[in-house]
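Just so we're on the same page: letters track the sequence lines, and every chain starts at 1.
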Protein chains: 2
Amino acid sequence: MATDALVAFEPRKMPIQARSTVTVDAISEAAIQVLLSHGAERLTTTRVADRAGVSVGTLYQYFSNKQSLLFAVLENHFNKVASRVEAACQRARHKPLSEMTKEMVEAFVDAKMERADISVALYRVACEVGGPTLVKRVNHRTRKAVEAALETAPDIKSPPDQFAIEIMLSAMGGVMRSLLESGPSPATVRKAREQLVLLCQSYMAAATAKRV
Amino acid sequence: MATDALVAFEPRKMPIQARSTVTVDAISEAAIQVLLSHGAERLTTTRVADRAGVSVGTLYQYFSNKQSLLFAVLENHFNKVASRVEAACQRARHKPLSEMTKEMVEAFVDAKMERADISVALYRVACEVGGPTLVKRVNHRTRKAVEAALETAPDIKSPPDQFAIEIMLSAMGGVMRSLLESGPSPATVRKAREQLVLLCQSYMAAATAKRV
DNA sequence: TCCAGACCTGAAGAATCCTTCATCCAATGG
DNA sequence: CCATTGGATGAAGGATTCTTCAGGTCTGGA
């Protein structure tokens with residue numbers, strides 16, 4: 001149930017001509033729209049195809065089944081967020097711990113908020129489509145990036161262990177989730193972003209042996 | 001979709017005789033079992049009834065529909081956890097901030113772990129059954145308890161604002177979720193508990209004006 | 001221009017599922 | 001002991017949904 005829960009989620013055919021690429025994108029986007037307007041329970045392959053302006057058959061040409069479609073959408077979103085965080089970690093190399101943390105957290109929040117609708121929509125299906133496994137995978141990848149960045153911080157003697165970083169990442173995920181699911185105002189988002197930075201900074205400081 | 005999403009989740013009939021109470025409990029427990037063994041997607045009212053050793057009709061005598069059943073199970077679990085945290089807050093009154101935080105966090109972790117199976121099972125349906133709304137409600141209730149306790153801490157000048165407490169609570173939720181969904185060993189749980197305490201202590205300290 | 005292969009279509013098969021209701025069993029109290 | 005109300009049953013109606021496949025349409029290279 002853990003690792004091999006991802007078989008049969010493989011896509012079916014790769015787009016070759018330009019028009020099919022458009023179709024696949026349309027289907028993915030339609031899945032999100034349907035998720036938002038009808039909920040996970042009422043997400044139907046037919047409905048998704050309709051919304052995408054294609055027929056069901058077309059959908060099944062690229063995704064072997066409903067789960068495969070949702071998995072692809074989820075994976076794509078996670079990868080985008082992870083990339084943003086990795087980029088931030090790259091940019092923040094050699095900066096002091098607190099600044100580094102700030103940039104990383106802000107990148108995460110901003111990436112999530114950029115397509116808040118997708119984030120919210122995906123919370124509703126993550127569990128039915130190997131979400132936890134994917135989260136684990138992405139968290140692992142992100143942790144590596146954070147870890148590598150921390151190695152370069154000038155004011156750290158011994159960096160926090162892997163476990164602490166994972167705790168921080170899951171805390172960030174939890175905060176963003178509550179936030180997104182509450183349909184926050186821009187002001188609220190701004191405040192939450194600040195607080196999340198503070199939360200992570202405090203924790204990192206506490207979990208780290210500082211170099212004087 | 002937000003607040004009034006909870007209508008039609010009302011139970012249908014209250015147990016009067018003792019045997020029906022047993023039945024209702026059996027149904028709730030069966031729902032959890034089915035959730036764990038078959039997943040949310042394959043949770044069927046008939047299957048739940050079978051597992052509970054009753055017929056579908058009986059199920060529908062106490063729950064107006066499938067969602068109502070799942071909602072009840074979810075609500076019950078949340079209430080139990082919230083009560084445990086409230087009790088811990090009560091016990092921790094007049095203790096210093098860091099100790100208070102520690103007791104609160106540990107109560108939360110322990111309550112979640114006590115029925116880890118339920119927690120994990122419910123993650124899979126929370127979203128389809130007004131989960132976010134319920135979480136918001138429970139978080140609000142818990143925040144009140146934490147807030148009240150903080151008022152009594154001797155080493156605090158001005159307590160953190162409501163928002164900060166909610167951030168902390170959602171962070172705790174996120175960490176526990178990742179943890180539970182990874183099927184952790186007891187040793188991992190112990191370590192996570194420690195780290196979560198540290199996380200919350202650091203944040204509370206940073207978000208509070210300390211009295212010298 | 002022509003064709004092979006890429007693409008698309010959508011009706012229909014097959015499988016579940018949710019929920020109801022007519023009917024029967026059990027308990028309680030007068 | 002009997003009537004009344006609570007409790008339980010499970011077959012079947014009504015509704016959805018997933019997925020396939022036989023047969024069209026479009027595109028790019030020869």
Side-chain angles (χ1 to χ4, degrees), chain A residues 7-31 33-35 37-73 124-125 128-130, chain B residues 7-31 33-35 37-73 124-125 128-130:
Chain A
V7 273
F9 285 173
E10 301 301 312
R12 179 167 275 181
K13 183 165 80 175
M14 275 311 208
I16 293 184
Q17 300 178 2
R19 101 186 121 132
S20 66
T21 305
V22 172
T23 300
V24 170
D25 287 349
I27 291 173
S28 296
E29 184 62 32
Q33 300 303 331
V34 171
L35 221 41
S37 56
H38 295 250
E41 200 82 13
R42 314 191 72 81
L43 181 142
T44 292
T45 48
T46 307
R47 233 192 288 270
V48 170
D50 281 350
R51 182 116 192 184
V54 301
S55 76
V56 228
T58 300
L59 189 157
Y60 277 92
Q61 201 141 26
Y62 299 99
F63 302 96
S64 50
N65 51 41
K66 195 174 84 157
Q67 291 209 324
S68 167
L69 164 63
L70 295 174
F71 182 80
V73 174
R124 302 187 195 172
V125 284
E128 298 163 16
V129 191
Chain B
V7 272
F9 284 174
E10 300 300 313
R12 179 166 273 180
K13 184 164 79 175
M14 275 310 208
I16 293 183
Q17 301 177 2
R19 97 185 126 133
S20 66
T21 304
V22 171
T23 300
V24 170
D25 287 348
I27 292 173
S28 296
E29 185 61 32
Q33 299 303 332
V34 172
L35 221 40
S37 56
H38 295 248
E41 200 82 13
R42 313 191 72 80
L43 181 142
T44 293
T45 48
T46 308
R47 235 192 287 269
V48 171
D50 280 350
R51 181 115 192 184
V54 301
S55 76
V56 227
T58 300
L59 188 158
Y60 277 93
Q61 200 142 27
Y62 299 99
F63 303 96
S64 50
N65 52 40
K66 193 173 85 158
Q67 292 210 324
S68 167
L69 163 63
L70 295 174
F71 181 81
V73 174
R124 303 187 193 171
V125 285
E128 300 163 14
V129 190

Result of checking B:Ile27, B:Thr46, B:Val34 against B:Arg51 for side-chain contact (heavy atoms from CB on, under 4.5 Å):
B:Val34
Short side-chain N/O contact to D:dG7 OP1/OP2 from B:Ser20, under 4.0 Å
yes
Heavy-atom side-chain contact between B:Thr44 and B:His38 under 4.5 Å:
no
Using a cut-off of under 3.5 Å, enumerate the N/O to N/O pairs linking the protein to nucleotides 23-27 of chain D.
none

When the distance from CD of B:Gln61 to P of D:dG6 is rounded to whole Å, what number comes out?
10 Å
Using side-chain heavy atoms (C-beta onward) and a distance below 4.5 Å, is B:Thr45 in contact with B:Leu69?
no
Looking at every strand, decide which applies to A:Tyr62 at a 4.0 Å heavy-atom threshold: base, sugar-phosphate, or nothing.
sugar-phosphate
OP1 or OP2 of D:dG10 less than 4.0 angstrom from a side-chain nitrogen or oxygen of B:Ser55, does that happen here?
no
When every non-hydrogen atom of A:Ala26 is compared with those of A:Ala52, the smallest separation belongs to O-CB, 3.7 Å
From CG of B:Asp50 across to C1' of D:dG10 the rounded distance in Å is 10 Å
What string of B, S and - do you get for nucleotides 12-22 of chain C 5' to 3' if you count protein non-hydrogen atoms under 4.0 Å?
-----SSBB--
If you define the side chain from C-beta out and look only at heavy atoms, does anything of B:Leu43 sit under 4.5 Å from B:Leu70?
yes
Between A:Val73 and A:Ala31, the two heavy atoms sitting closest are CG2-CB, 4.4 Å
B:Val24 vs B:Phe63 side-chain heavy atoms within contact, under 4.5 Å
yes
Once rounded to the nearest 0.5 Å, what's the spacing between atom CD of B:Gln33 and atom CZ of B:Arg47?
14.0 Å
Mind calculating the distance between CG (A:Leu69) and C1' (D:dT17) to the nearest angstrom?
15 Å
